[in-house]
Amino acid sequence: MDFSKSLIAASSKPLILGILQQGPNYGYDIIQQVKTLSGGQLEWADGMLYPVLHRLEKEGLVTSQWNQSDNGRHRKYYAITELGKAAIHQEQEHWLAMHHVLQKLWSLNSKTSHG
């Protein structure tokens, strides 16, 4: 399934914040988690992820820090802030409300198209 660029862009903030809510993480692993969570349907590239992370950092929703990983490599780890935790709850409410509206609409459409 090919997701539109606009849907991917709209969903990137809640996806990233949701992943970071589980604990600090670095770019490549965030990309891999998105791929895993979507069953391979969403494959982000570095060029898509890092601009969003930088924007979230400017908005105060995430912080970043260089750390040494288990294998000795230096990686930039991102962590969700208290403001980011509040934002993920708001994002969740918005997405669930939109999902509910679309479900109602599609349910109505399926009843009228079959009836």
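All residue numbers in this chain count up from 1 along the given sequence. Just so it is clear, the structure is predicted and the values come from calculations on it, not from any experiment.
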Is there a donor-acceptor pair closer than 3.5 Å between any side-chain N or O of [X] and the backbone N or O of [Y]?
{"X": "Ser107", "Y": "Gln103", "result": "no"}
{"X": "His99", "Y": "Trp95", "result": "no"}
{"X": "Ser64", "Y": "Tyr77", "result": "no"}

Following the transitive rule for hydrophobic clusters with a side-chain heavy-atom cut-off under 4.5 Å over Ile, Leu, Val, Met, Phe, Trp and Tyr, establish whether [X] and [Y] coincide in one cluster.
{"X": "Leu49", "Y": "Tyr26", "value": "no"}
{"X": "Leu42", "Y": "Tyr28", "value": "no"}
{"X": "Leu7", "Y": "Ile16", "value": "yes"}

For a quick test of reading the model, state the closest non-hydrogen atom pair linking [X] to [Y] and the distance between them.
{"X": "Gly84", "Y": "Leu17", "answer": "O-CD1, 4.0 Å"}
{"X": "Glu57", "Y": "Thr63", "answer": "OE2-C, 4.0 Å"}
{"X": "Glu59", "Y": "Leu83", "answer": "O-CD2, 3.6 Å"}
{"X": "Ile88", "Y": "Gly18", "answer": "CD1-N, 3.7 Å"}
{"X": "Gly60", "Y": "Thr81", "answer": "O-OG1, 2.6 Å"}
{"X": "His54", "Y": "Tyr78", "answer": "NE2-OH, 3.8 Å"}

- Item | Residues, nucleotides or ligands: over 12 heavy atoms within 6.0 Å of Lys35 NZ |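 No, because the 6.0 Å sphere around NZ of Lys35 holds 12 heavy atoms or fewer from other groups.
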- Query: Does Asp70 CG have over 12 foreign heavy atoms under 6.0 Å away?
  - Reply: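 Result for CG/Asp70: open.
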- Straight-line distance of Gln32 CD to Glu43 CD, nearest 0.5 Å: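 Rounded to the nearest 0.5 Å, the CD-CD separation comes out at 8.5 Å.
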- Item | Leu61 side chain near Lys13 side chain, heavy-atom distance below 4.5 Å |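 SC-SC contact between Leu61 and Lys13 confirmed.
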- Task: Would you check if His89 and Gln21 make a side-chain contact, meaning some heavy-atom pair closer than 4.5 Å?
- Result: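 Yes, side chains in contact.
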